[in-house]
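Below is one structure, written out as structure tokens, with a few remarks after it.
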Amino acid sequence: MMWQKYKELISSSVITVVGLVYFILAFSIRQYGDAVLDSRFLPLVLGVLLVVFGSVKLFGSIRQTLRQEHETATMNSPETGSRIHVLLTIALMIGYAFALKPLGFLFSTSVYMFLQTIILFPNKKKNVVIMIAVSLIFSITVYLVFTRVFSLVLPRGILG
Amino acid sequence: MKKRILMTVLLITLALSAVWAAGKAEDAKPWPAKPIQMIVPFKAGGDSDFNARTYAKYLEDVLGATIVVVNVDGGGGSIGATQAKESDPDGYTVFLGDVALALNEASSLSDFGYEAFDTAGIVGKNSGEYLTVRSDFPVNSAPELIALTQKEPNKYKLAANTGATTYYAASVLKKLGAQFNIVNAGSSAERVASLKGGHIDAMFNSMGTIRSYVTNGDFKILGSAASVRAEAYPDYPTMKEQGIDLAYDITYVMYFPKGTPKDIVQKFHNACVTVSKNPQYAEDIYKAYGQFPYVLGIEESLKILDEEKTKFMAFKDEFSTGR
Amino acid sequence: MILEGFLAVVSISGLFWIFLGTIVGIIFGAIPGLTATMAIVMFIPVTYSLPPATSIALLLSLYIGGISGGLIPPILINIPGTPASIATCFEGYPMTLQGKGGQALGYGVVFSFFGTLISVLALVLISPSLAALAIKFGPFEYAAVTIFSLSLIITLSADNMVKGVMSGLIGLVFATVGMAPIDSVTRYTFGFVNLRSGFDILTVLVGIYAIPEILEIAERSKWIKRIETEEIGKIKIKGFGFSFSEFIIQIPNAIRSAFIGIGLGILPGIGNGTSNILAYSVAKNQSKHPEKFGTGIPDGLVATETANNATIGGTIIPLLTLGIPGDSTAALLLGALIINGITPGPLIFQESGSVVYAIYFAMIISSLIMLFLDLYGINLFVKILNIPKHYLFPAVFVLCAIGAFGLNNRLFDIAILIFFGLVGYFLKKSEYPLPPLILGFVLGPIFELNLRRALSYSQGGLLPFVSRPISLMFLVLTIVSIGFGLFKNSKRKA
């Protein structure tokens, strides 16, 4: 898979770029008066270090990738994970975070639990009724415990 | 199979309606129907925190609702203030602020002051902050200390925190000619350890944090920075009495987010008045901080808050070097 | 005075509240996303109607229960519930995978108890001396200690030092977001008011550890049904799962780790998050078989759990004798003490001696209760492993989300949680170690604050760093530890 082959390359370039951006943004930090070390100091240092280390890794991985290109591709890619499931999970989590306020805790949590369980379910026969039941019972229990017992305020949304 | 699905759907609807109904019932109850959150913009263990928690304790019986004190510290108090300001004005969030609010605005740590809130009144006054040094320090009064710093400039460290009363005090002293090395030494409790350990030489702290050390002889107080001598500790002269033009009082104010229903604000204010008349409350605050019950009406409070703001804003330039 | 304190705690009411506090604490500690701090905030209103000794005893039990309960998620599902249990994942989870989950829990519980006990002993016997020592630490010393702790990153990631250092740097970078120390200048907030207070350690920790676990399960969802263990049958254990002789073998390790825990506990600001990792590193370095660390041996687990519980006692020392709280949880205890009319400081024994003794007894009793509860609870906890992952982990996520939300009642924090989850996932897939990131994130602010303070105290002079003995000692230790780490690394590569 592309990630397997290029992960070093991708990750080190991402980190180096982040370091660079971080370093550049450090110059917009306000400086205050006459302190010996101001609030810009540490970000500048960290930015430099991150770019330096990141570049080292980057060059190392470029060399490695070039070397690999020359070798015959006899690598059997290991069983690749299901990328679509990962993306779905991430989307679901983000959706949950956004849905909480408008739709309320109970509704969002129940729906999230249900959908997430489906995603994580191994390829076997799925018992939909049990999944709905578990999602609901969990959501309601958590809601009651947290709002009644712990006095935590959870979003009410459409269900109140 | 169809019956199972129907049963499940019915159960679900039933459960959800029950919860919904309970929620609606809660809404219908008069304020306060659920716990109130009291935001304190400083760490637990300090004087603001103490005043907040003491009120929370006694207000519970008067209002009939639990008050949960939450510490949101940082940025000299501006982070907690901002969070309180942005909270829903439903009467379930209250904010215990003090003069730091005005100081934050003066130092540009925040861009708002007391006007951004609905005031429920001043509910307490600190007995003052005291200029404290180690007992073996070679001065015995505030003017002596200032003279010492002028003899050896930048040698003696005075603790101050950006955007706080301590910074105001340090700036005033600097303007009057003192040559301290003004440094940061953390919260009031941390400053105590720092002073004891010899890392700093002078600090302004409220009585609660230093009382034990004065009693056991580790520290000595050179004077109070309040406008009048503290009733509880009449032995300590004020800065003004010693010829130093530094005076500020720390008042604690209860604020609600702007837009909170006026009757809730009034009810809360009245509850605070009731608490202040409680002898148990008076005993608690006297024992810990030498404070006396001090609650002002909303109109009067606003006047004082305005005076405080003007006073601190006058020092705006000293605070914002390079910001 | 001693008797008064004892009786206050051993009364029916006292014991009831300690018992309740310990259980609730364990529950809060055991659920990732919930913390003992939340439990304490919740219970403070309850304490208004209780006498002082009982109030403090209750809050302390919540604290002790919380730290002890915190060992359950890292061992069973590889997710640390608090920064105090990060290193518990290192050995605990591998042990679970080998079917020794129950035994891991047993070790964790027993040595948590041991750690608390030793620290209470220190509290009772030598707190004045320890307090006097703590006072000697000024900004220079703190900066040196944090430099030393940061250098642990090097020893910890011996396998891949460059990546470990980079991970640590990333952690330090994230710590700079928010208002800077001392001058409160806003950094990297991009106009978001919510970022002005920076990222909360819990949100970062849970995001970085919990969400990648869930994502990895999603990745492999085709094949797995429940947490794989080789020998499921062996999980049920008798007693604590290990013998008395095995207990004795661990004692030197435990005592050393307890001292590390107490030592870091008395330094306000540096506490649980660091002590468990430091104890683990030291145990690994001093061990006769360091290469076995990480594969699932009790030694690392013992070190971690003893240290983080010992830190509790360590934190109480400056709290009581100086009135300085070591972390936000201790700050709550301080507030509670003051509300109850107790002024921590040099006069606390004279003014409120009975309460102090009550605190000692409460800590011991709470630990005993924790031990007792967990003894019977272990087999129950282990059953968690039987819950199918596709139900367990969505539930874990929801709880983590609530935990993040509950910090400040902001949905924004859940977005931050997910953000760090993605960061953690990215790093994990790129084979960057995660613990250095957390270390960097936790230590960064303390380091920057103290470095800047130190230099302002000396007006730019660096001499005090080496002329002050304590600071010098830690700097030397840093050089030694880095040198050691580099040496071992080169030896391994040879």
CA sep, side-chain torsions, deciding dist, call: A:Met131, C:His390, side chain to side chain contact (heavy atoms under 4.5 Å, CB included): CA-CA 10 Å; A:Met131 294 202 305; C:His390 45 269; 5.8 Å; no
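- Contacts with chain A were tallied for C:Ile414, C:Leu455, C:Val398; C:Val398 has the most, counting heavy-atom pairs under 4.5 Å.
- The side-chain heavy atoms of A:Phe138 and C:Pro394, taken from C-beta on, include no pair separated by under 4.5 Å.
- Rounding to the nearest 0.5 Å gives a distance of 12.5 Å between CD1 of A:Ile119 and CD1 of C:Ile217.
- Among the candidates C:Phe43, C:Phe412, C:Tyr432, the residue making the largest number of heavy-atom pairs closer than 4.5 Å to chain A is C:Tyr432.
- Chain C forms more heavy-atom pairs under 4.5 Å with one residue of A:Leu88, A:Thr89, A:Val56, A:Asp38 than with any other, namely A:Asp38.
- Residues in residues 440-456 of chain C take part in these side-chain hydrogen bond (donor to acceptor under 3.5 Å, both in side chains) pairs, two or more places apart or across chains: A:Ser39-C:Arg452, B:Asn184-C:Arg453, C:Asp183-C:Arg452, C:Arg187-C:Glu448, C:Glu448-C:Arg452.
- Using a 4.5 Å cut-off between heavy atoms, A:Val86 contacts chain C through both its backbone and its side chain.
- The minimum heavy-atom distance between C:Lys429 and A:Lys7, with the atom names listed, is O-CD, 3.5 Å.
- Contact annotation for A:Leu9: neither backbone nor side-chain heavy atoms come within less than 4.5 Å of a heavy atom of chain C.
- At a threshold of 4.5 Å between non-hydrogen side-chain atoms, the residues C:Thr176 and A:Tyr22 count as touching.
- Of the atoms belonging to C:Glu431, it is side-chain heavy atoms, and not backbone ones, that fall under 4.5 Å from chain A.
- There is no contact between A:Leu115 and chain C, counting heavy-atom distances below 4.5 Å.
- In terms of heavy-atom pairs under 4.5 angstrom with chain A, the leader among C:Ser458, C:Ala395, C:Ala180, C:Gly421 is C:Ala395.
- With a threshold of 4.5 angstrom between heavy atoms, A:Val14 approaches chain C through side-chain atoms but not through N, CA, C or O.
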Verdict with supporting geometry, A:Met93 and C:Phe397, side chain to side chain contact (heavy atoms under 4.5 Å, CB included): CA-CA 9 Å; A:Met93 287 179 177; C:Phe397 174 71; 3.6 Å; yes
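- What you find for C:Phe426 and A:Ser11 is that their closest heavy atoms are CZ-CA, 3.7 Å.
- With a 4.5 angstrom heavy-atom cutoff, C:Val41 does not touch chain A via any of its atoms.
- The heavy-atom pair separating A:Met113 from C:Tyr391 by the smallest distance is CE-O, 4.3 Å.
- Residue contact with chain C, scored on non-hydrogen atoms closer than 4.5 Å, involves the side chain of A:Tyr96 exclusively.
- Within residues 46-55 of chain A, the residues approaching chain C closer than 4.5 Å by heavy atoms are, in numerical order, A:Leu46, A:Leu49, A:Leu50, A:Phe53, A:Gly54.
- The candidate with the highest count of non-hydrogen atom pairs below 4.5 Å against chain A, out of C:Val173, C:Ile418, C:Leu427, C:Leu215, is C:Val173.
- C:Tyr457 does not touch chain A: none of its heavy atoms, backbone or side chain, sits under 4.5 Å away.
- A:Leu120 and C:Ile214 make their closest contact through CD2-O, 4.3 Å (heavy atoms, listed as atom of the first residue, atom of the second, distance).
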